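As a basis for the values below, the full set of heavy atoms in this structure was taken, side chains included, without hydrogen atoms, waters or symmetry mates. Not measured: the values here are computed from a predicted model.
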Amino acid sequence: MTFALVDGNNFYVSCEQVFNPSLEGRPMVVLSNNDGCVVARSAEVKALGVKMGVPWFQLKELAVRHNILALSSNYTLYADMSNRMMGVLGSYSPEQEIYSIDECFLGLDGFAPDSLRGMGQRMRRQVRQWVGIPVCVGIAATKTLTKLANHCAKKNLAGADGVCDFGQISADELTALFDRIQVNEVWGVGRRLTERLAVMGITTVRALRDADPALMRREVSVVLERTVRELRGVSCLALEDLAPNKQQIMSSRSFGEYVYELTDLEQAVSTYIARAAEKLRRQRSLANAVQVYIRTNPFSERQPQYQRGITVPLTQATNDTIRLTRAALWGIKHIYRPGFAYQKAGVMLMDLHSEDQVQGVLFATVAPARPALMDVIDRANARWGGGTLKLAAEGVKKPWQMKRERKTPSYTTRWDELPRVT
């Protein structure tokens with residue numbers, strides 16, 4: 001087996017730089033919902049020691065000192081740029097697994113081994129030219145090794161120039177390389193597992209690779225045993241051509257300002273249901289239950305605290321936004337309590353199954369489904385932008401919406417926000 005992992009460098013930041021080249025070389029970050037925490041950093045900001053997840057308000061002094069630019073997250077832009085990048089990469093292999101918004105695996109079996117590095121360089125050039133995103137490529141015999149090769153490509157280890165092919169490195173050179181890389185760089189080895197492995201004397205990739213697989217299975221988990229075998233070049237993880245359908249679909253947001261009234265909570269919950277229902281229909285599934293929850297700000301010691309959730313079972317599984325909204329509104333009315341400053345609400349569609357597996361209810365009287373109407377709504381919103389067609393329950397003025405005061409235009413998905421050349 002031979003795999004490639006292609007990963008967009010500082011993806012959110014790179015998407016912003018495509019349409020504003022003057023940002024290249026400037027320290028910048030992209031912030032989370034409500035402009036709260038850092039979720040993406042440019043190379044210049046990483047060099048300053050800024051960690052992922054740091055609250056933006058803690059960086060204000062550093063930002064002034066180093067002229068750091070902060071932008072609100074523009075997920076519509078990032079998703080569209082991801083689709084374009086994945087489309088280009090998919091032309092290199094019939095086997096593609098889109099692992100996340102900024103990375104994908106490719107199956108490279110059947111290609112001449114000595115041609116793979118050159119192929120990786122062509123991928124980099126074409127994605128850069130056609131999409132504008134810089135990428136790095138890792139190539140190896142297993143998915144775990146491929147992840148590690150991609151890390152080496154980013155860090156320019158082992159002479160990599162954006163492309164690292166472990167197949168072109170001798171066994172002795174790989175051993176020396178693995179001896180220099182900390183074990184936390186291995187795919188799936190997080191902080192807690194790193195600490196546990198350190199107690200066992202395993203601190204480098206080489207030490208983990210050379211560990212006894214049976215011992216790792218017995219002392220830690222079967223997953224770590226599989227990781228050890230993958231580091232040895234034994235492929236245990238196959239490509240997933242199609243991502244499995246989600247078993248639950250959640251939609252939630254923190255509010256841009258505190259919400260006190262039931263009406264505003266109903267609008268927020270209706271908006272979240274619409275988003276979740278669209279995802280449900282996209283994977284051709286039905287939901288048997290709707291969960292709704294609300295909570296105050298747990299970090300505000302001066303305000304009274306309240307949080308509550310409720311699960312509303314449906315008489316018959318559905319992906320109809322109107323029926324799901326009706327259930328969610330019933331739920332929010334039953335858990336709402338006046339006198340609290342609500343900071344967040346969310347919904348979850350539960351007990352999902354394929355729409356091909358519909359089980360009727362003998363004595364239930366259920367309103368007929370409206371697949372044609374749902375299809376019209378989905379197509380209109382896909383063509384003209386989310387929220388073009390929506391239920392009145394979502395409201396018009398939404399003061400509770402999350403803050404995105406630093407958001408750039410949706411350059412690729414809205415006609416009225418196309419970049420203009422003058």
Side-chain angles (χ1 to χ4, degrees), residues 6-89 98-104 123-137 150 153-155 162 253-254 256 275 385-387 401-422:
V6 189
D7 185 12
N9 300 342
N10 308 322
F11 186 72
Y12 291 175
V13 169
S14 295
C15 289
E16 300 288 356
Q17 291 172 340
V18 169
F19 296 95
N20 189 352
S22 66
L23 298 178
E24 292 192 21
R26 178 177 177 181
M28 63 176 291
V29 298
V30 175
L31 303 177
S32 62
N33 295 339
N34 288 311
D35 295 342
C37 302
V38 173
V39 295
R41 304 157 294 162
S42 67
E44 296 77 18
V45 170
K46 291 179 182 179
L48 294 173
V50 176
K51 303 297 184 182
M52 283 284 286
V54 176
W56 171 240
F57 75 88
Q58 294 182 4
L59 298 176
K60 293 294 181 67
E61 183 178 334
L62 185 70
V64 172
R65 195 159 62 243
H66 294 279
N67 194 28
I68 299 175
L69 173 67
L71 297 177
S72 300
S73 50
N74 189 344
Y75 295 122
T76 303
L77 173 66
Y78 307 151
D80 187 66
M81 295 294 284
S82 173
N83 291 336
R84 294 166 187 245
M85 184 177 85
M86 298 307 172
V88 173
L89 295 173
I98 299 176
Y99 181 67
S100 67
I101 192 171
D102 63 344
E103 58 185 329
C104 74
M123 291 180 193
R124 296 188 71 220
R125 288 194 296 269
Q126 188 172 1
V127 172
R128 182 68 163 171
Q129 182 179 11
W130 288 21
V131 186
I133 302 295
V135 301
C136 285
V137 183
N150 186 273
K154 285 185 176 180
K155 301 298 182 180
R253 291 286 187 277
S254 295
R275 294 172 181 169
Q401 280 190 318
M402 66 179 182
K403 294 178 181 177
R404 302 173 77 183
E405 298 173 350
R406 303 166 181 266
K407 178 183 169 296
T408 53
S410 298
Y411 296 107
T412 64
T413 56
R414 294 189 64 91
W415 288 108
D416 57 338
E417 296 184 15
L418 282 174
R420 298 181 179 182
V421 179
T422 56

About how many Å separate [atom2] of [Y] and [atom1] of [X], when rounded to the nearest 0.5 Å?
X	Y	atom1	atom2	result
Asp35	Ser72	CG	OG	3.5 Å
Lys154	Cys136	NZ	SG	6.5 Å
Thr76	Glu417	OG1	CD	9.0 Å
Met28	Asn20	CE	CG	8.0 Å
Gln126	Met85	CD	CE	12.5 Å
Lys60	Arg65	NZ	CZ	14.5 Å

Taking the side chain as everything from C-beta on, heavy atoms only, tell me whether [X] gets closer than 4.5 Å to [Y].
X	Y	result
Val38	Leu59	yes
Phe19	Pro419	yes
Asn74	Tyr411	no
Pro27	Leu69	no
Val13	Arg41	no
Arg84	Ile133	no
Leu71	Leu31	no

- Item | Over all atoms of both residues, closest heavy-atom pair of Tyr75 and Ser32 |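 What the structure gives for the nearest pair is OH-CA, 4.4 Å.
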
- Query: Shortest non-hydrogen contact from Cys15 to Leu77?
  - Reply: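 Closest pair (atom of Cys15, atom of Leu77, distance): O-CD2, 4.2 Å.
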
- Ring geometry between Tyr78 and Tyr12 (parallel below 30°, tilted from 30 to 60°, perpendicular above 60°):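 It falls in the parallel class, under 30°.
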
- Query: Only one of Glu44, Gln17, Glu16, Lys46 clears side chain to side chain donor-acceptor pair (under 3.5 Å) with Asn10; which?
  - Reply: Lys46

- Any chance you could lay out the side-chain contact (heavy atoms from CB on, under 4.5 Å) test for Arg128 and Val135, step after step, and finish with the verdict? CA-CA 8 Å; Arg128 182 68 163 171; Val135 301; over 6 Å; no

- Are Thr413 and Asp80 close enough, and set up right, to give a side chain to side chain donor-acceptor pair (under 3.5 Å), and what steps lead you there? CA-CA 8 Å; Thr413 56; Asp80 187 66; over 6 Å; no

- Message: Is there a side-chain contact (heavy atoms from CB on, under 4.5 Å) between Phe11 and Glu103? Walk through the geometry before answering.
- Response: CA-CA 9 Å; Phe11 186 72; Glu103 58 185 329; over 6 Å; no

- Message: For Asn9, is there any backbone N or O sitting under 3.5 Å from a side-chain donor or acceptor partner on Ser14?
- Response: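 Yes, Ser14 side chain to Asn9 backbone: donor-acceptor pair under 3.5 Å.
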
